[in-house]
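Read the structure below first, then the notes.
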Protein chains: 2
Amino acid sequence: MNRPSKNRELESLKTNYKSIADVTCEKLRKAILEGVFSPGEQLKERELATLMGVSTTPIKAALQRLGMEGLVTSLPMRGSFVAENISAILTEVGLIRAALEGTAAYLAAMKATDEEITTLQGQIEKMERCTADRDIGRAIEANTNFHEIIHQISGNHSLQQMTGIVRQYDDITRPQALSDESQMVQGLQEHKAIFEAIKAGDPEGADASMRAHVLRNTRFLKQQGLGVGK
Amino acid sequence: MNRPSKNRELESLKTNYKSIADVTCEKLRKAILEGVFSPGEQLKERELATLMGVSTTPIKAALQRLGMEGLVTSLPMRGSFVAENISAILTEVGLIRAALEGTAAYLAAMKATDEEITTLQGQIEKMERCTADRDIGRAIEANTNFHEIIHQISGNHSLQQMTGIVRQYDDITRPQALSDESQMVQGLQEHKAIFEAIKAGDPEGADASMRAHVLRNTRFLKQQGLGVGK
DNA sequence: ATCTAAAATTGGATGTATCAGATTCGACGT
DNA sequence: ACGTCGAATCTGATACATCCAATTTTAGAT
């Protein structure tokens, strides 16, 4: 295979391929967050494999990923265990996302070009229309795009990978986050503040606005009681 | 196997077991950072397996971890590729560490008990002695312990996991970071500032001090030219 | 009843064969 | 010479058997 010369070219080569390990990981994460497995419960590879109708190979890959997210604790030769406090995990993940997304906004404010700012402005306008139309589906998509573009502007590949780890939680919780109209409106205001800071070339402002946005969202979700026994 | 009731108990159960996958991952990371594999070069599982004398199973696990770190980009069915710009990766990882360690310091400042503060003070005193004695080996160990204790105080398990991902880079670069005596002294001053902020119960101060510390270190290492072709 | 050592069990780790997706190459028709 | 299509090849993904580490259970001695 010829060697792609840029990470961005690699990105463009990405297919929509979703492996059994990917699907398994998503199902396990969802099951843990929904309380199918209790806090502290042991997760045995062979048992999970039988339960999910796959071999232990994708189970191992899935547990490794969930381990990096903090949702599972694995000990060599001893087994994997569900985190003790799922609600706390969601709050922890919110803090991590705030830190990582804040860093992305900081970098974006430092290096955004006029063209990139125009693209971001387009997303803001899309979100304004979605909010006015109360179109939650499109709002979710525009919301995701807004955050994604900031990461692209930041140009920090490792940051994007790391944020991708915790983004799963965002994708799971975002529909609920936007189901409350006042939260939706507030989210839009916060996105505008982030955008203005990036446009103004204000890294500290962009960082602070993004963190405040993610943290407000995290508090709202905690208050809504997302997680075990939902 | 009886189910451990707390994550901390799980931590205490940890053995020193190091799997073939663990060793393989460390060797691969080191080889990439030292320029054995060129930026953009394709990493083929079967080839690496033969080269390293193992099966593809631990190679897969290693590539998955390196992928989460941003050091490798993997495409399903297409292969894995070394990141294009290793020097940039180290800088990126520094930014991520600053954000994550800053968050840990923030949380530690919010919740540290008198006993925990005393433990941290003990580490500061150890570092003072190491610096005075110019004992780099013990300084490295005390440095690692200082950061580790802050994470334990923060009580954020996911944050600890995520920081653990990027900590590999810190463990690789720290000897060089502390080889310069003025950097060692400066590092101690910065640790003192972090400690004072945690002791004072000043979350913002602890966050800012920690970030400044990690970022100063990142800039120094970049200036030293760590990475490809070293 | 208690202690110790060996055996059995549990559960993760690895090797290897095979499957599956994507790309490259060669044959054939125009 | 060029385009198309199928075969071959490349490379990751998965299934499954086996290995290995750690824990639990059992048997025997005291």
Side-chain angles (χ1 to χ4, degrees), chain A residues 1-5 9-28 37-38 40-68 71-83 161, chain B residues 1-5 9-28 32 37 40-68 71-83 161:
Chain A
M1 173 181 289
N2 286 330
R3 139 185 166 188
S5 55
E9 286 180 44
L10 286 178
E11 293 297 323
S12 71
L13 283 170
K14 273 177 175 170
T15 69
N16 288 326
Y17 179 82
K18 182 167 278 187
S19 66
I20 293 179
D22 292 336
V23 174
T24 301
C25 190
E26 287 169 11
K27 286 180 173 174
L28 263 181
F37 301 106
S38 305
E41 182 173 350
Q42 183 170 8
L43 301 172
K44 305 172 186 179
E45 294 186 3
R46 290 186 179 87
E47 225 175 72
L48 288 175
T50 302
L51 196 66
M52 305 184 83
V54 297
S55 77
T56 54
T57 311
I59 297 292
K60 283 184 200 304
L63 290 174
Q64 185 176 17
R65 290 182 223 180
L66 296 176
M68 292 197 173
L71 202 55
V72 154
T73 301
S74 296
L75 298 174
M77 308 299 185
R78 294 168 182 274
S80 299
F81 302 87
V82 176
Q161 292 293 101
Chain B
M1 172 180 288
N2 285 329
R3 142 187 163 185
S5 57
E9 286 180 44
L10 285 179
E11 294 296 323
S12 70
L13 283 170
K14 273 177 174 169
T15 69
N16 287 326
Y17 180 83
K18 182 168 278 187
S19 66
I20 293 180
D22 292 335
V23 175
T24 302
C25 190
E26 287 168 10
K27 287 179 174 176
L28 262 181
I32 291 171
F37 301 106
E41 182 173 352
Q42 184 172 6
L43 303 173
K44 304 174 185 180
E45 293 187 3
R46 288 181 178 85
E47 226 176 73
L48 287 176
T50 302
L51 195 65
M52 304 185 82
V54 297
S55 77
T56 54
T57 311
I59 297 291
K60 282 183 201 303
L63 290 174
Q64 185 177 18
R65 291 183 222 177
L66 295 175
M68 292 199 177
L71 202 55
V72 154
T73 301
S74 296
L75 297 173
M77 309 302 182
R78 296 169 184 272
S80 298
F81 302 87
V82 175
Q161 292 294 100

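The figures that follow rest on heavy atoms only: side chains count, while hydrogens, waters and symmetry mates do not. In what follows, chains carry the letters A, B, and so on, assigned in the order in which the sequence lines appear, proteins first and then strands, with residues in each chain numbered from 1. Keep in mind it's a predicted model, so treat the numbers as computed, not measured.
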Any idea which of D:dA13, C:dT23, D:dA22 is nearest the B:Arg78 side chain? C:dT23
B:Ser80 backbone acceptor or donor facing B:Glu45 side chain under 3.5 Å: no
Protein N or O to nucleotides 17-19 of chain D N or O, pairs below 3.5 Å:
unit_1, atom_1, unit_2, atom_2, d
D:dT18, O4, A:Arg46, NH2, 3.4

Under the criterion side chain to side chain contact (heavy atoms under 4.5 Å, CB included), I'd like the reasoning laid out for A:Arg65 against B:Met68: C-alpha separation, chi angles, the key distance, then a yes or no. CA-CA 9 Å; A:Arg65 290 182 223 180; B:Met68 292 199 177; 3.2 Å; yes
Distance in Å, B:Leu63 CG paired with B:Lys44 NZ, rounded so as to fall on 0.5 Å steps: 13.5 Å
Residues B:Leu66, B:Cys25; criterion side chain to side chain contact (heavy atoms under 4.5 Å, CB included); working and verdict: CA-CA 7 Å; B:Leu66 295 175; B:Cys25 190; 4.0 Å; yes
Heavy atoms only, 4.0 Å cut-off, all strands: where does A:Ala49 land among base, sugar-phosphate and nothing? nothing
Classify the nucleic acid contact of B:Leu43 as base, sugar-phosphate or nothing, counting any heavy atom under 4.0 Å across all strands shown. sugar-phosphate
Sequence neighbours left out, what passes side chain to side chain contact (heavy atoms under 4.5 Å, CB included) with A:Thr57? Give chain and number order. A:Ser55
Side-chain donor or acceptor of A:Thr57 under 3.5 Å from a matching atom on the base of D:dA15? yes
Please report the distance, rounded to the nearest Å, between CD in B:Gln42 and C1' in C:dT24. 14 Å
Per atom distances to the A:Met77 side chain, the nearest of D:dA13, D:dA22, C:dG15 is D:dA22
Mind listing the closest non-hydrogen atom pair of A:Ala61 and A:Ala21 along with its distance? CB-CB, 4.0 Å
Would you mind reading off the distance between A:Lys44 atom NZ and D:dA21 atom P, rounded to a whole angstrom? 21 Å
Atom CG of B:Leu75 and atom C1' of D:dC10 are separated, to the nearest Å, by 14 Å
5′-ward residue of the pair B:Gly53/A:Glu45 relative to DNA chain C: A:Glu45
Can you check the B:Met52 CE to C:dT14 P distance for me, whole Å? 13 Å
Could you tell me the separation between the CD1 atom of A:Ile20 and the C1' atom of C:dG21, rounded to a whole number of Å? 13 Å
Contact class for A:Ala61 (heavy atom, under 4.0 Å): base, sugar-phosphate, or nothing? nothing
Can you check whether B:Ser55 has a side-chain N or O nearer than 4.0 Å to OP1 or OP2 of C:dG15? yes
Whole angstrom value for the distance that separates C1' of C:dC19 from NZ of B:Lys60: 12 Å
For B:Glu26, salt bridge (charged side-chain N to carboxylate O under 4.0 Å, His left out) partners two or more places apart: B:Lys18
What nucleotide among D:dT14, D:dA13, D:dA21 has an atom nearest to a side-chain atom of A:Ala21? D:dT14
Distance in angstrom units between A:Leu48 CG and C:dG12 C1', rounded: 13 Å
A:Ile59 CD1 to C:dG12 C1': how many Å, rounded? 13 Å
